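Let me begin by presenting the structure, written as structure tokens, before commenting on it.
These numbers were taken from a predicted model, which means no experiment stands behind them. To find a chain, count down the sequence lines: A is the first, B the second, and so on, and within it residues start at 1.
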Protein chains: 4
Amino acid sequence: MFFASDNGAPVAPQVMAALVRANEGPAPSYGADAIMDGVRARIREIFEAPEAAVYLVATGTAANALSIATFCPPWGAVYCQPEAHIAVDECGAPEFFTAGAKLVHVDGPDGKIDPAALAHTVANATPVGVHHVQPAMLSLTNLTEAGTAYSVAEIAALAKVARAAGLPVHLDGARFANALVATNASPAEMTWRAGVDVLSFGGTKNGLMGVEAVVIFDPAKAWEFELRRKRAGHLFSKHRYLSAQMQAYLEDDLWLALARRANDAGQRLAAGLRALPDATLSFDPPANLMFAALPRGVHARARTAGAAYYIFSGAGNGPEDELLEARFVTSWSTTDEETDRFLSLIRG
Amino acid sequence: MFFASDNGAPVAPQVMAALVRANEGPAPSYGADAIMDGVRARIREIFEAPEAAVYLVATGTAANALSIATFCPPWGAVYCQPEAHIAVDECGAPEFFTAGAKLVHVDGPDGKIDPAALAHTVANATPVGVHHVQPAMLSLTNLTEAGTAYSVAEIAALAKVARAAGLPVHLDGARFANALVATNASPAEMTWRAGVDVLSFGGTKNGLMGVEAVVIFDPAKAWEFELRRKRAGHLFSKHRYLSAQMQAYLEDDLWLALARRANDAGQRLAAGLRALPDATLSFDPPANLMFAALPRGVHARARTAGAAYYIFSGAGNGPEDELLEARFVTSWSTTDEETDRFLSLIRG
Amino acid sequence: MFFASDNGAPVAPQVMAALVRANEGPAPSYGADAIMDGVRARIREIFEAPEAAVYLVATGTAANALSIATFCPPWGAVYCQPEAHIAVDECGAPEFFTAGAKLVHVDGPDGKIDPAALAHTVANATPVGVHHVQPAMLSLTNLTEAGTAYSVAEIAALAKVARAAGLPVHLDGARFANALVATNASPAEMTWRAGVDVLSFGGTKNGLMGVEAVVIFDPAKAWEFELRRKRAGHLFSKHRYLSAQMQAYLEDDLWLALARRANDAGQRLAAGLRALPDATLSFDPPANLMFAALPRGVHARARTAGAAYYIFSGAGNGPEDELLEARFVTSWSTTDEETDRFLSLIRG
Amino acid sequence: MFFASDNGAPVAPQVMAALVRANEGPAPSYGADAIMDGVRARIREIFEAPEAAVYLVATGTAANALSIATFCPPWGAVYCQPEAHIAVDECGAPEFFTAGAKLVHVDGPDGKIDPAALAHTVANATPVGVHHVQPAMLSLTNLTEAGTAYSVAEIAALAKVARAAGLPVHLDGARFANALVATNASPAEMTWRAGVDVLSFGGTKNGLMGVEAVVIFDPAKAWEFELRRKRAGHLFSKHRYLSAQMQAYLEDDLWLALARRANDAGQRLAAGLRALPDATLSFDPPANLMFAALPRGVHARARTAGAAYYIFSGAGNGPEDELLEARFVTSWSTTDEETDRFLSLIRG
């Protein structure tokens with residue numbers, strides 16, 4: 001009964017098998033391995049982007065911060081949602097990698113940026129004198145941190161505002177596969193066709209050991225990205241093991257199958273939570289991440305039985321029936337049995 | 001016949017097995033995994049340093065740059081050998097992580113820093129006014145980039161100079177195991193007992209997939225290191241896979257066995273090169289890294305036969321008998337058969 | 001009729017005279033001038049802080065950014081009001097000088113931070129894991145950017161919240177003298193006695209050519225400040241000319257006399273604006289900075305007659321009677337005649 | 001008898017008069033003052049560069065570090081002479097402003113960079129992989145820190161090497177006027193016609209209170225420079241007082257007259273030193289900066305009599321006749337009487 005994070009899930013067996021397979025004899029280091037050639041070609045194919053620059057790093061924070069630093073100058077403003085991972089959960093990595101750019105929050109309903117609010121913020125900042133940080137970039141997250149999914153049309157509407165102001169668009173796709181599955185969109189539709197310039201294409205939360213691809217649709221920025229990656233210690237000497245993970249991830253669309261599995265588990269869990277008289281699901285989750293309020297007593301029972309998930313404001317003392325919000329995340333490895341056992345448990 | 005780099009070697013089978021073993025069910029992320037608890041305890045035991053802070057990162061550049069940034073302020077001077085990895089091969093990572101510290105070169109024979117030269121440089125910089133970068137740190141490398149090994153006494157002599165001036169000491173141990181085996185020293189002797197404050201304890205070049213430990217002997221700096229690691233994108237969500245590699249590395253002293261194997265292969269190769277009438281070994285290599293000059297024609301023959309190693313100034317056109325210097329590195333996976341085949345090949 | 005900014009005012013004649021006086025023969029450079037010794041002693045006396053470290057720089061942005069960088073690590077959060085100069089008007093200088101710290105906005109009525117809101121924000125951020133920027137500092141501004149003045153009690157209430165959380169407190173006193181005069185407080189009361197650790201003690205807006213003092217009440221940070229100042233290019237070789245300005249500023253309490261003059265001019269202007277049937281003063285200004293809405297037609301008439309002040313959202317086309325907000329700032333050099341002429345002009 | 005530094009000299013009377021003149025009524029701030037329009041036009045005229053971007057800052061470190069940061073990326077190598085001010089005397093300002101670029105030393109005779117050595121260093125660094133900092137810039141100093149002057153031909157030879165490798169060229173002209181006078185070159189000849197892209201055009205050491213112009217010959221970098229200047233706290237609100245200094249400096253070629261006066265004083269001093277049996281002038285100084293070795297006893301006599309200049313390795317105890325090297329700098333304010341008195345003093 002593990003719903004703490006998709007980060008806690010193990011590596012998909014196909015990926016582990018690929019690592020074992022890659023472990024034969026010597027191989028060129030630092031990304032010159034033959035497996036990477038195949039990965040690059042395959043990602044270009046999947047994204048229908050034959051010119052795209054493709055790089056692998058091992059963490060989402062690295063993917064995001066390097067992507068942003070490559071497109072945003074030190075005096076730039078990066079527009080993002082207030083709860084964005086880059087704003088809240090990376091200990092200032094974007095500020096570090098950019099040498100001091102500023103994240104400017106733009107909010108909206110459902111954990112998404114509202115295009116009108118973005119347009120208003122950008123308009124207010126333009127024309128902008130030398131005293132202020134300069135509008136520089138838009139960073140979106142899909143799935144959002146709230147568990148909602150931007151549709152292709154929503155991405156496009158936001159990117160349109162950004163591009164009208166000359167701002168490149170970053171998409172933090174730590175859960176990109178989950179978002180695609182939830183919206184039935186193609187990789188190209190969700191990214192460059194909608195106006196995205198650079199994508200953090202997540203793998204770690206979806207069955208890899210630790211690999212995220214960065215896909216830069218305009219290859220003019222490729223060399224700068226490579227230098228920034230090296231300089232940040234994110235170029236791996238034994239790069240073939242990153243390549244092998246990504247190769248297995250893409251083969252036979254394993255990445256989509258894993259995300260579908262995680263999303264299905266999420267739907268099952270959501271349906272169960274929705275049916276509880278005491279529980280309040282904060283919205284209908286389209287994928288594998290959701291928030292629900294449950295009575296303190298129920299949380300206590302779940303914890304005692306070994307269920308793992310994040311309860312906001314802790315589970316300290318208080319009335320048994322006080323509702324405490326919690327976050328639930330399913331993954332490719334969540335089983336129906338596990339979900340059902342948990343639901344049965346909290347039903348009491 | 002692969003002598004290009006110990007980075008090109010595969011992962012030791014015991015390590016791959018440990019990864020497979022670790023791949024069971026969910027686990028807490030970001031270093032809270034149970035395996036890490038064992039790793040921390042074991043490293044403290046090995047180093048006879050029960051208070052040491054122990055962290056894992058995935059690249060040597062990250063280990064070095066984070067270690068240096070934790071001990072050196074932005075206005076500091078880091079004394080290092082001119083060919084040090086931090087000075088030459090990290091695309092300015094120390095400068096990036098420290099927000100602009102300066103690497104100041106101090107040379108000496110055999111690719112080592114000369115203690116007298118260090119003392120002289122530090123003395124010249126002291127007392128130092130506000131106009132100059134401030135003496136801040138000493139960074140050593142063992143094995144050195146030249147393939148030589150500092151003895152414990154040599155480390156201690158250099159650290160003594162540093163500590164007399166109040167400078168903390170970093171040891172880049174990307175090939176720490178090779179250095180220990182070559183000098184018959186214990187981990188504690190080579191580090192804190194000799195005056196080292198922070199160690200990049202390499203694993204990647206010695207059979208791991210991508211793990212280096214950072215061992216900070218004074219735990220007062222631990223929390224700052226953690227924040228810097230996170231902020232640099234070097235805290236892994238699925239950390240258990242880093243822990244598992246390091247666990248296997250340390251178990252039954254596998255790390256020393258792998259290094260011994262690499263060093264033995266190096267000795268075999270060196271003996272063979274030394275015996276060649278045309279070759280000039282630049283010095284007697286104590287471990288697994290060496291430089292030798294060979295005739296251009298011999299290099300060409302080796303290349304054609306598939307031998308991989310680094311030839312300086314390329315292998316362009318020129319007289320067949322012109323001596324061109326090359327670097328050879330053996331690894332835990334180098335076989336005697338492979339070495340002998342190569343030696344036989346270049347003997348002609 | 002110049003109400004655009006106190007930055008636009010000339011240098012007080014006593015200050016210009018001091019510059020001329022200082023221009024005799026050679027003098028030690030970089031702050032070792034004898035005049036600076038007197039300035040240091042006098043500032044310590046005025047602030048009743050015999051241990052304080054005192055430095056001069058030439059711009060408010062330098063004073064603020066250096067002060068903050070000296071107290072806030074790269075991974076820190078600096079709490080400030082959303083309209084603070086450091087947040088809006090310094091093109092990211094605090095982020096640059098700190099190597100990427102984050103400014104976190106806390107709002108409240110009257111352009112001031114609300115202590116309860118600050119307490120809530122800090123509490124929410126504590127205990128804080130490694131994933132998030134760490135609560136690090138509080139930065140206040142007095143006069144605020146809204147033209148209001150924090151009382152000593154208000155400063156103390158905010159500083160109490162900060163100090164309870166272990167956060168040092170910075171006071172941006174670009175208009176410190178105006179705030180003191182407006183609140184009848186002493187320098188010590190408004191700063192260290194209220195819990196302030198470091199003060200940007202403004203001079204430029206109040207009659208100097210370009211000098212701000214930084215007063216660090218705990219001298220332990222002094223040397224770091226000096227290094228940061230030098231490294232940022234803010235240590236002046238011909239420092240005596242900064243010293244001379246500050247000397248004249250402090251002599252016979254010229255600084256307070258100039259601020260009193262500016263505040264009196266502000267009161268006269270405010271009284272006049274308040275009396276206008278068409279104008280809406282946004283609040284009762286305690287000092288020399290105020291905001292008022294006037295009909296577009298009145299603005300047009302004022303502009304034509306040569307009045308200079310800042311109109312928000314420009315003065316483009318629109319109905320004559322539409323109210324447009326404007327900012328008015330008086331200075332030590334504003335004359336009653338000038339104010340009266342302007343008031344008479346806009347009265348029509 | 002002040003030969004410690006041209007930084008210690010007072011402000012030229014014409015400049016002080018211009019400051020007094022500028023101190024009338026209000027003026028637009030942040031560089032929008034009318035005086036600056038004239039300064040910009042005049043500098044373009046003097047440099048025969050009608051498109052050049054012209055900015056004022058108050059310190060040489062700011063001029064240099066901002067210039068370099070505008071042209072050199074964080075992963076760049078800046079080639080400079082080992083004793084260059086940017087390398088030795090700015091506490092790492094270039095590293096700070098560039099977010100971690102590396103200064104790479106190239107030496108040569110007479111305190112100048114040798115073009116062949118530069119070509120060799122750049123060639124060795126090209127082609128350069130991702131592991132190394134990238135050749136990015138050449139920074140020259142004229143007058144050099146050794147007191148020698150590059151001729152126009154020497155500047156051009158070095159710039160040719162740089163430009164062949166695609167590297168922009170910075171000239172640190174803290175003593176640019178002294179160099180021009182010493183070489184009889186025109187401003188255009190010494191800069192853009194010789195291949196210089198950006199100039200720190202010094203004023204402070206040559207009679208100003210604290211103003212250096214930055215002249216960027218390709219205006220494409222102008223806006224980036226403005227943002228970096230603001231963000232670094234080097235945009236002055238009361239900018240007219242910088243403009244006024246520079247205006248007076250340029251009027252009637254005051255700047256060249258002041259430099260000629262300083263150089264003449266230097267020649268007089270050098271001639272006197274050369275004539276001393278005990279003194280060794282390290283080279284024939286072409287301008288106002290020189291090094292000479294004198295017996296310890298002579299130094300002691302000079303000190304006692306109030307002469308101020310810099311003695312290397314101090315003047316501690318030792319034999320009376322031991323030669324200790326010292327630096328002597330004359331300025332526009334050095335009088336013949338003062339020089340003669342000093343020479344007479346040390347002649348004993």
Side-chain angles (χ1 to χ4, degrees), chain C residues 2 4-13 15-16 19-20 22-30 33 57-66 89-93 95-97 99 204-205 208-210 226-242 308 331 333-334, chain D residues 2 4-13 15-16 19-20 22-30 33 57-66 89-93 95-97 99 204-205 208-210 226-242 308 331 333-334:
Chain C
F2 187 85
S5 173
D6 30 11
N7 274 330
V11 173
V15 174
M16 194 56 87
L19 283 171
V20 172
N23 199 36
E24 276 300 315
S29 43
Y30 296 116
D33 54 285
V57 295
T59 70
T61 296
N64 288 338
L66 286 169
D89 293 309
E90 300 186 351
C91 195
E95 290 89 343
F96 171 45
F97 280 73
T204 310
K205 288 180 196 293
L208 299 190
M209 186 180 281
E226 289 198 44
L227 290 162
R228 289 189 179 274
R229 179 176 60 163
K230 169 65 197 180
R231 179 175 177 73
H234 285 290
L235 175 58
F236 276 57
S237 56
K238 289 179 162 176
H239 187 281
R240 62 167 132 171
Y241 300 101
L242 274 66
S331 80
S333 71
T334 307
Chain D
F2 188 84
S5 172
D6 29 12
N7 275 331
V11 173
V15 173
M16 192 56 87
L19 283 171
V20 172
N23 199 35
E24 276 300 315
S29 44
Y30 295 117
D33 54 285
V57 294
T59 70
T61 296
N64 288 339
L66 287 168
D89 293 309
E90 300 186 352
C91 194
E95 289 88 344
F96 171 44
F97 281 73
T204 311
K205 288 179 195 292
L208 300 190
M209 186 180 281
E226 289 197 44
L227 290 162
R228 289 189 180 275
R229 179 178 59 163
K230 170 66 197 180
R231 180 176 178 70
H234 285 291
L235 175 58
F236 276 58
S237 56
K238 290 180 161 175
H239 188 281
R240 62 167 132 169
Y241 300 101
L242 275 65
S331 79
S333 71
T334 308

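- Top candidate by heavy-atom pairs under 4.5 Å with chain C, chosen from Met209(D), Glu90(D), His239(D), Lys205(D), is Met209(D).
- Contacts of Ala58(D) with chain C are made by both backbone and side-chain atoms, with heavy-atom separations under 4.5 Å.
- Counting all heavy atoms, side chain and backbone alike, Asn23(D) lies closest to Val11(C) at OD1-N, 2.6 Å.
- In terms of modelled atom types and a separation under 3.5 Å, the side chain of His234(C) and the main chain of Ala232(D) share a donor-acceptor contact.
- Of the two parts of Ser29(D), only the side chain, counted from C-beta on, holds a non-hydrogen atom closer than 4.5 Å to a non-hydrogen atom of chain C.
- Looking at Ser237(C) and Asn7(D), their side chains do bring a donor and an acceptor atom within 3.5 Å of each other.
- For Leu19(C) against Met16(D), the heavy-atom pair with the smallest separation is O-CE, 3.4 Å.
- For chain D, the nearby part of Phe2(C) is the side chain; its heavy atoms alone come within less than 4.5 Å.
- Panel note: side chain Arg231(C), backbone Glu95(D); no donor-acceptor pair is recorded below 3.5 Å.
- For chain D, the option among Asp33(C), Leu227(C), Leu208(C) with the highest count of heavy-atom pairs below 4.5 Å is Leu208(C).
- The structure places CD of Glu24(C) at 11.0 Å from OG of Ser333(D), a figure rounded to the nearest 0.5 Å.
- Between Phe96(C) and Phe96(D), the angle of the ring planes stays under 30°, which puts this pair in the parallel group of the 30/60° scheme.
- Smallest separation of non-hydrogen atoms from Gly233(C) and Thr61(D): CA-CG2, 3.7 Å.
- Nearest heavy-atom pair, Pro10(D) versus Lys238(C), reported as atom, atom and distance to 0.1 Å: O-NZ, 3.5 Å.
- In terms of heavy-atom proximity, Leu235(D) sits nearest to Thr59(C) at O-CG2, 4.0 Å.
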